[in-house]
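This report concerns only the one structure given below.
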Protein chains: 2
Amino acid sequence: MKKDSRLSSVLHALLHMAERDEPLTSDELALCMHTNPVVVRRTMGYLRDAGIVSSARGHAGGWAITADLKTVTLRQLHETLGEPAIFAIGNKQEMPECLVEQAVNAALDTAFAEAEALLLDRFAHVTLADLAEDFARRHRLRSH
Amino acid sequence: MKKDSRLSSVLHALLHMAERDEPLTSDELALCMHTNPVVVRRTMGYLRDAGIVSSARGHAGGWAITADLKTVTLRQLHETLGEPAIFAIGNKQEMPECLVEQAVNAALDTAFAEAEALLLDRFAHVTLADLAEDFARRHRLRSH
DNA sequence: TTTCATGTAACTTCAATTATTACGAATCGA
DNA sequence: TCGATTCGTAATAATTGAAGTTACATGAAA
């Protein structure tokens with residue numbers, strides 16, 4: 001399957017929105033994200049429903065951040081996107097009768113659960129404000 | 001994307017092979033793994049090339065384990081299968097020019113790298129012998 | 001009222017695993 | 001040697017889910 005890049009995409013969009021005061025249109029976001037306006041609306045729709053951004057139609061419409069950058073974590077965004085599957089590797093069958101396969105699943109599930117817990121914990125400790133700050137740092141560095 | 005279940009599949013196959021002394025044919029393995037004999041040959045071929053199993057044609061042919069169960073780890077099997085992608089989530093672009101996207105990628109890459117390191121470390125500490133033992137334990141439990 | 005912009009449904013494209021078909025090659029028993 | 005068995009492998013289709021596209025309805029502002 002193709003990799004899910006929605007989290008990456010919304011982060012990119014949110015940071016660009018944080019850099020500007022006026023709303024950004026789906027077309028503008030699609031341009032800098034190298035994607036399609038409809039995909040932007042579809043994906044950002046999750047964040048609107050969660051109250052993280054607002055959308056407005058008509059003249060001077062578009063997308064804007066409503067939440068505080070310091071309170072929005074990567075984990076929250078991941079959940080807002082519907083908690084898509086993290087791993088591209090998995091069990092052949094989830095509920096096998098075969099005892100051998102049950103032992104295999106148990107071992108793999110344990111390892112995956114630990115890795116997932118670590119990943120989500122890291123996600124929980126990174127906010128949009130952190131990313132904005134890191135971007136600012138990179139911007140200063142490039143200017144020299 | 002469809003999940004990669006090759007690691008799960010070969011583990012299942014290897015433990016069944018460990019339970020028997022004669023070689024198992026691709027057809028037999030395919031039956032208990034709920035898949036296709038050609039898929040079995042293709043997947044087990046990686047393990048044969050790595051010297052973990054042997055295959056023989058003709059009468060009384062089939063697949064057998066050649067390695068010591070105590071020395072084969074899940075990590076080794078993962079590597080033998082060509083280190084397939086672990087995550088179903090990823091960056092939109094790997095080498096973006098945009099500084100904003102670079103900051104996003106850096107944050108995500110760090111988290112994914114840590115989670116991957118943990119997963120592979122767990123994989124490195126589980127051997128086929130461990131799984132065989134866990135299966136035996138489950139077997140005893142069910143008998144009571 | 002015209003223009004701009006989102007909201008959404010429907011469909012296609014894309015990428016990667018898995019499944020299937022077909023046939024060649026090797027091995028062993030009779 | 002013949003023939004059944006079994007792996008080896010190429011070629012192709014099916015499957016799955018994200019991403020892309022087209023089309024059009026809806027709503028807001030100049």
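Below, chains carry the letters A, B, ... as their sequence lines are ordered, and counting in each starts from 1.
- Judged by distance alone, with hydrogens and angles left aside, Arg42(B) brings a side-chain donor or acceptor within reach of the base of dA19(C), the pair sitting under 3.5 Å.
- Nearest-nucleotide mapping onto DNA chain D: of Pro84(A) and Gly45(B), the residue sitting toward the 5' end is Gly45(B).
- For residues 29-39 of chain A, every residue pair satisfying the side chain to side chain donor-acceptor pair (under 3.5 Å) rule, not counting sequence neighbours, is listed here: His34(A)-Gln93(B).
- Taking atom CG on Leu7(B) and atom P on dA16(C), their separation rounds to 20 Å, with Å as the unit.
- Glu79(B) meets the salt bridge (charged side-chain N to carboxylate O under 4.0 Å, His left out) test with Arg75(B); sequence neighbours excluded.
- The nearest whole Å value for the distance from the CG atom in Asp27(A) to the P atom in dG20(D) is 14 Å.
- Using a 4.0 Å cut-off, some side-chain N or O of Ser26(A) falls inside it from OP1 or OP2 of dT6(C).
- Other residues, nucleotides and ligands contribute only 12 or fewer heavy atoms inside 6.0 Å of the CD atom of Glu133(B).
- Straight-line distance from the CZ atom of Arg48(A) to the P atom of dG27(D): 14 Å, rounded to whole Å.
- Nucleotide dG17(D) holds its P atom 17 Å from the CD1 atom of Ile89(A), rounded to whole Å.
- As rounded to whole Å, 16 Å separates atom P of dT12(C) from atom NZ of Lys2(A).
- Spacing between atom CE of Met33(A) and atom P of dA18(D) amounts to 16 Å, rounded to whole angstrom units.
- Applying the 4.0 Å criterion to OP1 and OP2 of dA19(C), one finds that Thr35(B) has a side-chain N or O inside that range.
- One N or O on the side chain of Thr25(B) and one on the backbone of Glu28(B) form a donor-acceptor pair closer than 3.5 Å.
- If you take NZ of Lys3(A) and P of dA19(D), they are 12 Å apart, rounded to a whole angstrom.
- An OP1 or OP2 oxygen of dT6(D) is reached within less than 4.0 angstrom by no side-chain nitrogen or oxygen of Ser55(B).
- By the salt bridge (charged side-chain N to carboxylate O under 4.0 Å, His left out) test, Glu22(A) pairs with Arg20(A), sequence neighbours left out.
- Considering only side-chain N and O atoms, Ser5(A) lies under 4.0 angstrom from the phosphate OP1 or OP2 of dA19(D).
- Glu114(A) places no side-chain N or O within 3.5 Å of a backbone atom of Leu119(B) that could act as its donor or acceptor partner.
- As judged by a 4.0 angstrom heavy-atom cut-off over every strand, Arg6(B) is placed among residues touching the sugar-phosphate backbone only.
- Residue contacts shown for Ala56(A) are limited to sugar-phosphate atoms, with no base heavy atom under 4.0 Å away.
- If you check every strand for non-hydrogen atoms under 4.0 Å, Gly62(A) touches sugar and phosphate atoms only.
- In this structure, of dT18(C), dT6(C), dT9(D), it is dT6(C) that holds the atom nearest to the side chain of Trp63(A).
- In this entry the distance linking OH of Tyr46(B) with C1' of dT17(C) reads 11 Å, nearest Å.
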Enumerate donor-acceptor pairs with a distance under 3.5 Å from any side-chain N or O in residues 58-66 of chain B to protein atoms, sequence neighbours excluded.
{"residue": "Trp63(B)", "atom": "NE1", "partner": "Ser26(B)", "partner atom": "OG", "Å": "2.9"}
{"residue": "Thr66(B)", "atom": "OG1", "partner": "Gly51(B)", "partner atom": "O", "Å": "2.9"}
{"residue": "Thr66(B)", "atom": "OG1", "partner": "Ile52(B)", "partner atom": "O", "Å": "3.0"}

Reading 5' to 3' through nucleotides 21-30 of chain C, protein heavy-atom contacts under 4.0 Å coded B for base, S for sugar-phosphate only, - for none: BB-BBSBB--

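- Applying the ring pair (Phe, Tyr, Trp, His ring centres under 6.0 Å) rule to His78(B) yields no partners; only residues at least two apart in sequence or on another chain are considered.
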